[in-house]
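Everything quoted here is computed from the prediction, not taken from an experiment. In what follows, every heavy atom counts, from backbone to side chain, and hydrogens, waters and symmetry copies are set aside.
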Amino acid sequence: MAKDETAKHSGINTRLIHSGNDPHGYFGFVNPPVVHASTVLFSEARLMASRREGSQKYTYGMRTPTTDALTSAINELEGSAGTIIVPSGLAAVAVPLLAFLSAGDHALIVDSLYNPTRRFCDTMLKRFGVEIEYYDPEIGAGIAASMKPNTKVVFTESPGSNTFEIQDIPAIAEVAHAAGAIVMMDNTWATPLYFKALHYGVDVTIHAATKYPAGHSDVLLGTVSANAAHWPQLMSSSEALGMCAGPDDVYQVLRGLRTMGVRLEHHQKNALEIARWLEGKHGVARVLHPALPSHPGHAIWKRDFCGSSGLFSIVLSGGGEQEQLAFLDALKVFGLGYSWGGYESLAVPVFIGDRVIAKGPYEGPLIRLQIGLEDVEDLKADLERGLAAVAALS
Ligand SMILES: Cc1ncc(COP(=O)(O)O)c(C=O)c1O
């Protein structure tokens, strides 16, 4: 079997380790070169004048052997026709929306989405004349009632940011496609390992590679992958916008990808153990983790996903901001900081903000936990400190 064929039939960790570059194409070095480039020289003027596709593999520093190594690894994981690399996860949201929406179009956007995505929709997209409508994350096939003749994009994110609602992606995709709309998904939480977005009807899948692919809280990067029908427009829009990322960041993410499978397994195991333990704790009203049978979206999660990552939220039993902040300030192992997907545990206060539908009800304040790779008993002891600080207030 050829190397490519062997890779396609291998297990996920084998693919994570071997996809993207061919060591024997670069003197046998295991890792691809980090190519710092703007100018690429042509051997003959004829090649420059022809500007023919394929006249020379690399023509400018936007595309290099380093970016190719990452995009082909992601294409293999996603099953996508092509992938672009952009400087952050938020850019990975903005670029496809700009690529596929025009003035006069209507876009249906899930209400439980990453809040900066909402800001992008409510500011830039509205300014460019796109009609934005937010929908209930639990709407499923009911989204049919919101489709309009000018609906061009249905944007999904599952689980929802901070509140972890699970969307019925196949049902939504069926309705959207029947109406001629494109389905996009921010699939950062599950990664392509735990949710195969393109197999479930998504056309364009988005990742903040800053999170699990990078895995070490030291780099920002985004990827956007598309199926064959949507790849040409995604690629040409990204080129028109001049979107690219620095080679060191691209390399860092490819390096992170090699261990993402084993890291995710450990995040999953630690997070599930802590989520189950928190469910029985005095002071915790609810644990918002889709892999728990108590979660309202558990059945759909179980049907479509093949794993869960390390991010979930808890709802405290009553109280408000004072309790929320007391819990967080008592933590010694969990850091207080934004982002997630790195090796270390983090906690943040959740503010529902300007959502219009997916606002609760919740019994008390919400706290989002990113469960890292530390020893689980140390994390439990830390969370006990948080709960004790809340109890001490009453
Ligand atoms: C679901 C989701 N999408 C996108 C992003 C944006 O990623 P970045 O921080 O790389 O811009 C985040 C960041 O927290 C996120 O949680």
Side-chain angles (χ1 to χ4, degrees), residues 1-8 15-88 91-92 94-96 98-100 192 198 203-207 209 213-214 219-258:
M1 223 187 294
K3 188 178 189 286
D4 283 359
E5 278 304 297
T6 315
K8 253 186 244 158
R15 277 190 280 152
L16 281 168
I17 303 274
H18 292 289
S19 57
N21 66 303
D22 173 16
H24 296 294
Y26 191 66
F27 307 108
F29 289 104
V30 168
N31 291 298
V34 181
V35 176
H36 288 91
S38 55
T39 302
V40 181
L41 298 179
F42 293 77
S43 57
E44 290 176 71
R46 184 182 55 83
L47 292 176
M48 297 180 89
S50 72
R51 289 184 177 267
R52 265 183 293 119
E53 185 75 14
S55 64
Q56 180 170 304
K57 186 169 182 186
Y58 300 107
T59 56
Y60 200 55
M62 298 272 233
R63 182 180 167 206
T64 67
T66 318
T67 61
D68 273 0
L70 181 61
T71 55
S72 52
I74 303 275
N75 285 334
E76 207 176 291
L77 295 175
E78 292 280 15
S80 44
T83 293
I84 58 164
I85 303 175
V86 297
S88 69
V95 170
L98 286 173
F100 290 96
L198 297 185
D203 301 297
V204 175
T205 171
I206 293 159
H207 291 279
V219 61
L220 284 153
L221 206 82
T223 65
V224 190
S225 306
N227 57 17
H230 298 94
W231 169 237
Q233 190 162 340
L234 177 66
M235 181 183 60
S236 73
S237 306
S238 161
E239 284 174 2
L241 286 163
M243 276 289 164
C244 59
D248 295 312
D249 294 348
V250 173
Y251 180 82
Q252 291 272 77
V253 170
L254 184 67
R255 178 183 163 127
L257 214 55
R258 304 305 186 197

Item to check | Side chain proximity check, Y58 to D68, heavy atoms < 4.5 angstrom | outcome: yes
Item to check | pair I206-V224: side-chain heavy atoms closer than 4.5 Å | outcome: yes
Checklist entry - Is any side-chain heavy atom of E239 closer than 4.5 Å to a side-chain heavy atom of I84? => result no
Next on the checklist: Side chains of T64 and P247, heavy atoms from C-beta outward: is any pair under 4.5 Å?
Outcome noted: no
Item to check | Side chain proximity check, P96 to L234, heavy atoms < 4.5 angstrom | outcome: yes
Next on the checklist: Taking CZ in F42 as the centre, count heavy atoms belonging to other residues, nucleotides or ligands within less than 6.0 Å. Is the count above 12?
Outcome noted: yes
Next on the checklist: Do Y26 and P33 make a side-chain contact, defined as non-hydrogen atoms from C-beta onward lying under 4.5 Å apart?
Outcome noted: yes
Next on the checklist: Pair S19, R258 - check side-chain contact (heavy atoms from CB on, under 4.5 Å), show working.
Outcome noted: CA-CA 9 Å; S19 57; R258 304 305 186 197; 4.1 Å; yes
Next on the checklist: What verdict does the side-chain contact (heavy atoms from CB on, under 4.5 Å) test give for D203 and N227, after you've listed the backbone C-alpha separation in whole Å, the side-chain angles of each residue and the deciding distance to 0.1 Å?
Outcome noted: CA-CA 6 Å; D203 301 297; N227 57 17; 3.0 Å; yes
Next on the checklist: I need the single residue from N21, I85, D249 that forms a side chain to side chain contact (heavy atoms under 4.5 Å, CB included) with L70. Which is it?
Outcome noted: I85
Next on the checklist: Counting C-beta onward and ignoring hydrogens, is there a side-chain heavy-atom pair between L16 and L77 closer than 4.5 Å?
Outcome noted: yes
Next on the checklist: If you define the side chain from C-beta out and look only at heavy atoms, does anything of T223 sit under 4.5 Å from E78?
Outcome noted: no
Next on the checklist: Just to verify, what does S225 make a side-chain hydrogen bond (donor to acceptor under 3.5 Å, both in side chains) with, not counting sequence neighbours?
Outcome noted: T83
Checklist entry - Counting only heavy atoms not in R63, do more than 12 fall under 6.0 Å of its CZ? => result yes
